[in-house]
Amino acid sequence: MTVRVRFAPSPTGFLHVGGARTAVFNWLYARRAGGTFLLRVEDTDRARSRPEHTQAILDGLAWLGLDVDEGPVFQADGVERHRRDALHLLGQGAAYRCFCTAEELAARREEAKRAGSGYGYDGRCGRLDDAASDARADAGEPFAIRVRAPREAIGWEDMIHGPMSFLAGSIDDFIILRSDGTPVYNLAVVSDDAEAAMTHVIRGDDHLSNTPKQILLYRALGRPLPAFGHVPLILGSDGKRLAKRHGALSVLAYRDEGYLPAGIVNFLALLGWSPGDDREVFDVGGLIEAFSIRRVLKKSAVFDLEKLGWLNGRHIADAPAAGLSGAVVDILGREARDEGRDLTETHPGLENSPERLARIIDLVKGRPRTLPALARQVSPFFAADIRYDEDAVKRFWKRPEETSFHLRRLAERLAGEAAFRDVQTLESEVRGLAAELEVGAGRVINPLRVALMGQGVSPGIFEVLEAMGRERSLARVRAAARTLDARVATA
RNA sequence: GCCCCCAUCGUCCAACGGCUAGGACACCACUCUUUCAAGGUGGAGAUAGGGGUUCGAUUCCCCUUGGGGGUACCA
């Protein structure tokens, strides 16, 4: 039998990281098994469901690269079938009409709570004889439909938790069809999963206590049971269930902050799962190959932004330059527009020299953790004018007078080079100057880095000189000297 | 209240019932006499507590504690 799994979010919000991880596990399971991954939008809560949320979920999955084989199907489209299933159960005697009103039930629950006891439905309407029930229904009295919960314990073999069991009597006769004729969640899920022939239901731990209710519905309906697997929840740094206050939660927010889908998927997969050895950096293909639902933990995991950053950095470093250049152009272009300028103005040549851009990206991509950080490293190689980072200036341009002098001497010396083609030569020139000046090489190199990059971080400075080229490098060094002179004058 | 789940460094993961409890992120130090958001080396850092079972328990069982989920005519 081929594997059929589904991801079934409610369109009541965006695709958040918790949902995304459930989707990742389902998708990985399907891909690993050569099965089918279905998307079902559980939109039966009309009050909270919104079409734009459905779109956001679709966009989120697409961005992550979790391609859907079937669907999206919408739960609301199955309402007629849900109703038929409820009525079928009623006809079979596996369910009964309940004439208790919502108000009565709330009052009884309140009272039970006050008395400090449990408050499952007492089954009183289930004891009505058929004639009485029919008469009241015929008289037009509104009713909901409840299933008759079995008296024995309900258990199953969970793919993640192993043997699971709920005590006899711990499940009450719950409502499956409201008095307005609309189905309740547990019925809709079972009806839909059975209809779509799901073989495995992999979902969050929060559904653990729904499972026995659903199992009894499968049995009552005479439908084959899927295998269940309940993946642990993701917690915030305070150990509480991940919520909005823990920060950016929509996966698209991570996209906007410059994370790579491969980095997010890798990170999410590692939350509650490991291949069993020390490997941590995986591309998507590697994840599919290594994934096993048996190795998913029972324990909930805390979302650690630091580790996501590190992992994303690894993915940026591993990504081919061609796959990164579009993002760099976009980011720098957006920044230019924010200043009311144009990219051809702020970064001339960036868009029409793809080979040079690729070379620069390959040079700098080992360090940054996000796309904007990558763009910041690329920027100086194309920027029409340099901007000096406050902290870098404070740290490496501490002696403006001396540094200005050093930089001028360096410019003179480097100007003797016809072309900046050889990294070794460049290095010996810079070191030679430092020796001549009788200062440590770092005393020249660090200020030079700020002059060229405007930042305190860069690849090896000699590679930077070479990649930046003769004209631009000399211009930057001279401009830095002028800037420093101006500072001395105003000081 | 009742039902259910969970418990290894701060965090994410390892450890057929058997080496000194291992790796990663973060942190600290050193290093790359060139920066760090990169690399390398080293360091600190955990089996929640108590009982069992066993020659031997992170591992199996029980209790306690702690955390989480559910307990709707929400999904």
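A, B, ... follow the sequence lines: proteins, then strands. Residue 1 opens every chain. FYI, side chains are in, hydrogens and waters are out, and symmetry mates aren't considered; it's all heavy atoms of this structure.
- As judged by a 4.0 angstrom heavy-atom cut-off over every strand, A:Cys100 is placed among the base-contacting residues.
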For nucleotides 33-36 of chain B, list the nitrogen or oxygen atoms of the protein found under 3.5 Å from its nitrogen or oxygen atoms, one pair per line.
residue : atom : partner  : partner atom : Å
B:U34   : OP1  : A:Arg431 : NH1          : 3.2
B:U34   : OP1  : A:Arg431 : NH2          : 3.1
B:U34   : O2   : A:Arg449 : NH2          : 2.6
B:U34   : N3   : A:Ile461 : N            : 3.3
B:U35   : O4'  : A:Asn446 : OD1          : 3.1
B:U35   : O4'  : A:Arg449 : NH1          : 3.3
B:U35   : O3'  : A:Arg395 : NH2          : 3.4
B:U35   : O2'  : A:Gly456 : O            : 2.7
B:U35   : N1   : A:Arg449 : NH1          : 3.3
B:U35   : O2   : A:Arg449 : NE           : 3.0
B:U35   : O2   : A:Gly456 : O            : 2.8
B:U35   : O2   : A:Ser458 : N            : 3.1
B:U35   : N3   : A:Arg449 : NH2          : 3.3
B:U35   : N3   : A:Ser458 : O            : 2.7
B:U35   : O4   : A:Arg367 : NH2          : 2.9
B:U35   : O4   : A:Ser458 : O            : 3.2
B:C36   : OP1  : A:Arg395 : NH2          : 2.9
B:C36   : O2   : A:Arg367 : NE           : 2.7
B:C36   : N3   : A:Arg367 : NE           : 2.7
B:C36   : N3   : A:Arg367 : NH2          : 2.7
B:C36   : N4   : A:Arg367 : NH2          : 2.7

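- Residue-level contact check: A:Thr182 touches neither bases nor backbone, having no heavy atom under 4.0 Å from any strand.
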Throw together a table of side-chain donor-acceptor distances under 3.5 angstrom for residues 441-453 of chain A, partners on residues two or more places apart or in other chains.
residue  : atom : partner  : partner atom : Å
A:Arg443 : NE   : A:Glu402 : OE2          : 3.0
A:Arg443 : NH2  : A:Glu402 : OE1          : 2.8
A:Asn446 : OD1  : A:Arg449 : NH1          : 3.2
A:Asn446 : ND2  : A:Gly442 : O            : 3.4
A:Arg449 : NE   : A:Ser458 : OG           : 2.8

With 3.5 Å as the limit, what N/O pairs link the protein to nucleotides 64-67 of chain B?
none

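- Atom C1' of B:U47 sits at a distance of 4 Å from the matching atom of B:U8, rounded to the whole Å.
- Ring centers of A:Phe267 and A:Tyr259: at least 6.0 Å apart, outside the cut-off.
- Distance noted for atom C1' between B:C60 and B:G18: 15 Å (whole Å).
- By the 30° and 60° cut-offs, the orientation of the rings of A:Phe303 relative to A:Tyr254 is tilted.
- Rounded to whole Å, the separation between the P atoms of B:C16 and B:A7 comes to 15 Å.
- With a cut-off of 3.5 Å on both pairing distances, the Watson-Crick and G-U wobble pairs of RNA chain B assemble into stems of 3 or more at B:1-7 with B:65-71, B:10-13 with B:22-25, B:27-31 with B:39-43, B:48-52 with B:60-64.
- Minimum atom distance to the side chain of A:Lys213 is reached by B:U71, of the listed B:U71, B:G69, B:C73.
- A:Ser274 pairs by the side chain to side chain donor-acceptor pair (under 3.5 Å) definition with nothing, not counting sequence neighbours.
- Not counting sequence neighbours, A:Tyr388 has no partner by the side chain to side chain donor-acceptor pair (under 3.5 Å) test.
- Nucleic acid contact for A:Gln75: sugar-phosphate only, since backbone atoms but no base atoms lie under 4.0 Å from a heavy atom of the residue.
- The salt bridge (Lys or Arg N to Asp or Glu O under 4.0 Å) contacts involving residues 303-317 of chain A comprise A:Glu280-A:Lys307, A:Glu306-A:Arg369, where partners must be two or more places apart or lie in separate chains.
- The salt bridge (charged side-chain N to carboxylate O under 4.0 Å, His left out) search around A:Glu141 returns A:Arg136, not counting sequence neighbours.
- Using a 4.0 Å heavy-atom criterion, one finds that A:Asn210 contacts the bases of the nucleic acid, with or without backbone contacts as well.
- Applying the side chain to side chain donor-acceptor pair (under 3.5 Å) rule to A:Asp122 yields the partners A:Arg124; only residues at least two apart in sequence or on another chain are considered.
- Partners of A:Arg50 by side chain to side chain donor-acceptor pair (under 3.5 Å), not counting sequence neighbours, listed by chain and number: A:Glu52.
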Give the B/S/- string for nucleotides 3-14 of chain B, one per nucleotide from 5' to 3', where a protein heavy atom under 4.0 Å of the base yields B, of only the sugar-phosphate yields S, and otherwise -.
SSSSSB--SBSS

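- Counting heavy atoms from C-beta outward, A:Phe7 and A:Arg203 have side chains that stay 4.5 Å or more apart.
- Each of A:Lys213, A:Gln214, A:His207 was checked for a side-chain hydrogen bond (donor to acceptor under 3.5 Å, both in side chains) with A:Asn186, and the lone residue meeting it is A:Gln214.
- When the salt bridge (charged side-chain N to carboxylate O under 4.0 Å, His left out) test is applied to A:Arg472, no partner is found at least two apart in sequence or on another chain.
- In this structure, A:Phe291 has its ring center under 6.0 Å from that of A:Trp273.
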